[in-house]
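Note sheet for the following structure.
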Amino acid sequence: MSSTLLEVTRASHEEVERLERLKHFLEVLLGPTNKDRLYQSHRVRNMIEQITSTTNKLIEIYEDKDGSRKDEIAALGGQTATGTNVFSAFYDRLKEIREYHRRHPASRVLDANDEYEQLLKEEPQIEFSGEEAVGRYLDLHELFNDYINSKFGEKIEYSAYLDVFSQPEKISRKLKLTRQYQEYMQKLLEYLIYFFERTEPLQDLDRIFSKVVTEFEEQWTNEKVEGWENESQENGNIPAEHSAIDLDYYTTVEELMEVGPERLKEALAALGLKTGGTLQQRAERLFLTKHTPLEKLDRKLFAKGSRVPQQNGNAVTPQPSADAKEIALIEAKVKRLCDLLQEIIVRTKENVEKKQALTYEEMEAEREEEEVQAESESDDDEQQIYNPLKLPMGWDGKPIPYWLYKLHGLGQEFKCEICGNHSYWGRRAYERHFKEWRHQHGMRCLGIPNTKNFNEITSIEEAKHLWERIQERQGLNKWRPDLEEEYEDQEGNIYNKKTYSDLQRQGLI
């Protein structure tokens, strides 16, 4: 059956629907610990990749570039080269189905619950170093060693490096254009991408970087990239207006030496020439450019990695390096990833500073304590009851059914001022409370009889006002407590005071 193209299409659609159900199930079922949530995210990511792959296959089938799908549909309708034979096509198809089930007698449909349980037992293979602690911290020790042993780096502590590695704009532009810096930034970007993909598998990194590239191209065109505003500093050169020396004013090397070693070094760097040597050697090297075009000078005089400018000394404009834009783009991507991982960077620095004040035994004890705490958090989460509608709890400690909640109006709250602002949930509980001791005691404290006339009265002012009206209508001496005051026995029967007293004396209550 699976050999036909239409059967492959049907099976692919079924596979996509199955994977979508599994994906939604995993998205709802959040893990109690950070490790469980991370594994859950990777399972969802794998589902999305499988759905994408299967959908691409379906698109290729529906495009039908080779016409095989169209031919198969025609064959199902019995269309052949000799004519149309529907019955022959039907029985051929029936024979193929029977043959398939004869070869696969044990094939069955998987139960969704079994599939969910099997999926949860699978643990994605995610590699973390011990320092990373399952994605809680960054491990930048190798990059830190590269930084402190480079020309562009500083001799600082690891905790201080965690503050500066995300700020490449603070490094001198001249040092950025070296191959060492470019390799360092490339390694840093690769590590941050690898860490981000492991800890945030559901994030679309391609979309994030495409936005970064768009913004970068606009800023680069307008020369507004932070740390790269002036293109005249590419190739390690100093701006020409600050470093150029007008050689027309100098006739000998000795006169040029009076400028000083620093000015000569800047002028040589602006031309791409070597800047080392003694003061006289620098002056002689620069003085050569007065009458000799730069392109005709010996290549040994130029610094490594520099290009030969097309003009002489005092009007030289260095050629822009193609690597400068690439390095600036890497820096933009690194800064964007650091913004997304800012919380982890802060947590890493706090962990490093805390470990510096602990001994090995204390660190081991703290690690064991964190594991126990994670297990206890997992147990607490399992004990929490899912109750988004905030339904009242039943006798078993679980929320009551929603239909029962609506039937008895348990969602309505009634307050009785006479009972001390006590709340009664539901109409049934509200009606019964008028016969309970709490309400009777409140009425007795007000000096008002608890009769049927005061049903539905919960305000003290309303009760007093109604009692005054009853007294005005009946007179002060018309109150007959023996007949009008009500009592309730243990079974809920209501009697007036006289009947209740008689039955109590007889021992019937």
Side-chain angles (χ1 to χ4, degrees), residues 34-35 38-39 41-42 45 124-201 203 205-206 208-209 212 226-228 236 304-305 323-324 326-360 362-364 366-367 370:
N34 180 56
K35 182 178 179 181
L38 184 62
Y39 282 173
S41 299
H42 276 275
R45 176 69 178 183
Q125 298 296 326
I126 314 172
E127 295 182 358
F128 286 104
S129 65
E131 185 71 20
E132 289 174 337
V134 197
R136 295 184 61 190
Y137 311 114
L138 291 171
D139 185 5
L140 298 172
H141 287 86
E142 183 178 351
L143 292 162
F144 166 69
N145 291 330
D146 294 342
Y147 179 82
I148 61 176
N149 293 316
S150 64
K151 294 182 179 180
F152 57 84
E154 299 175 332
K155 304 297 181 180
I156 56 177
E157 296 290 335
Y158 182 62
S159 58
Y161 172 73
L162 294 173
D163 289 329
V164 301
F165 84 94
S166 59
Q167 301 171 353
E169 66 275 3
K170 294 185 177 181
I171 298 176
S172 172
R173 183 168 182 176
K174 179 180 177 181
L175 298 173
K176 288 182 181 180
L177 291 164
T178 60
R179 184 178 299 276
Q180 187 182 30
Y181 178 78
Q182 186 175 4
E183 293 177 352
Y184 162 78
M185 290 302 296
Q186 190 65 41
K187 287 174 62 177
L188 177 60
L189 178 61
E190 291 174 358
Y191 172 77
L192 293 178
I193 291 175
Y194 182 50
F195 183 85
F196 189 80
E197 289 176 345
R198 288 178 293 163
T199 55
E200 298 291 342
Q203 292 283 354
L205 198 56
D206 293 335
I208 294 173
F209 279 164
V212 171
E226 189 175 4
W228 301 86
K304 291 183 179 180
D323 295 336
E326 182 181 353
I327 296 173
L329 180 57
I330 294 175
E331 289 182 356
K333 292 180 179 180
V334 167
K335 287 193 282 189
R336 179 57 180 157
L337 287 174
C338 290
D339 291 339
L340 296 174
L341 298 172
Q342 183 61 34
E343 184 179 349
I344 297 179
I345 294 174
V346 174
R347 192 189 307 148
T348 303
K349 183 180 179 182
E350 293 175 352
N351 180 58
V352 170
E353 292 175 346
K354 182 173 65 174
K355 286 170 63 177
Q356 289 176 347
L358 299 177
T359 62
Y360 176 77
E362 291 174 336
M363 286 189 288
E364 287 296 318
E366 185 176 359
R367 183 181 59 81
E370 289 179 354

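All residue numbers in this chain count up from 1 along the given sequence. Since this is a predicted model, take the numbers as computed values, not measurements. Only heavy atoms go into these numbers, but all of them, side chains included; no hydrogens, no water, no symmetry mates.
- Between atom CG of residue N149 and atom CD of residue Q180 there is a gap of 9.0 Å, rounded to the nearest 0.5 Å.
- Within the 4.5 Å cutoff, the side chain of Y147 has no heavy atoms near those of the L188 side chain.
- You'll find the side chain of E350 stays beyond 4.5 Å of the side chain of K354, heavy atoms only.
- In this structure, the separation between CZ on R136 and CZ on F128 is 12.0 Å, given to the nearest 0.5 Å.
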Under 3.5 Å, side-chain donor or acceptor atoms of residues 154-161 against the rest of the protein: list the pairs with distances, not counting sequence neighbours.
from: K155; atom 1: NZ; to: I148; atom 2: O; distance (Å): 2.7
from: Y158; atom 1: OH; to: L140; atom 2: N; distance (Å): 3.1
from: Y161; atom 1: OH; to: Y184; atom 2: OH; distance (Å): 2.7

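- Residues V334 and P168 fail the side-chain proximity criterion, which asks for heavy atoms closer than 4.5 Å.
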#### Entry: From CA spacing to verdict: side-chain contact (heavy atoms from CB on, under 4.5 Å), L138, F195
CA-CA 8 Å; L138 291 171; F195 183 85; 3.5 Å; yes

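- Residues R336 and L340 are in side-chain contact: their nearest non-hydrogen atoms beyond the backbone lie under 4.5 Å apart.
- Residues passing the salt bridge (Lys or Arg N to Asp or Glu O under 4.0 Å) test with E142, sequence neighbours excluded: K187.
- The side-chain contact (heavy atoms from CB on, under 4.5 Å) search around E200 returns F196, Q203, not counting sequence neighbours.
- By the side-chain contact (heavy atoms from CB on, under 4.5 Å) test, K333 is found to be paired with L189, F209, V212, V213, L329, residues two or more places apart in sequence or in another chain being considered.
- Residues satisfying the salt bridge (Lys or Arg N to Asp or Glu O under 4.0 Å) criterion with D139, sequence neighbours excluded, are absent altogether.
- Closest non-hydrogen pair, L192 versus C338, comes out as CD1-SG, 4.1 Å.
- Taking CD1 of I327 as the start and CD of E183 as the end, the distance is 10.5 Å to the nearest 0.5 Å.
- In this structure, S172 OG and K170 NZ are separated by 14.5 Å, a value rounded to the nearest 0.5 Å.
- Inter-residue side-chain proximity for K349 and V352 is flagged as unmet; no heavy-atom pair is nearer than 4.5 Å.
- Contacts of K151 classified as side-chain hydrogen bond (donor to acceptor under 3.5 Å, both in side chains), with partners at least two apart in sequence or in another chain: none.
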### Task
Verify side-chain contact (heavy atoms from CB on, under 4.5 Å) between E331 and E169, making sure each step is shown before the conclusion.
CA-CA 8 Å; E331 289 182 356; E169 66 275 3; 5.8 Å; no

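- Note that OH of Y137 is 4.0 Å distant from CG of N351, once rounded to the nearest 0.5 Å.
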### Task
Might you work through the side-chain contact (heavy atoms from CB on, under 4.5 Å) test for E132 and R198, ending with a clear yes or no?
CA-CA 11 Å; E132 289 174 337; R198 288 178 293 163; 3.0 Å; yes

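- A 4.5 Å side-chain heavy-atom check between M185 and Y181 finds at least one atom pair inside the cut-off.
- With values rounded to the nearest 0.5 angstrom, S166 atom OG is found 8.0 Å from D339 atom CG.
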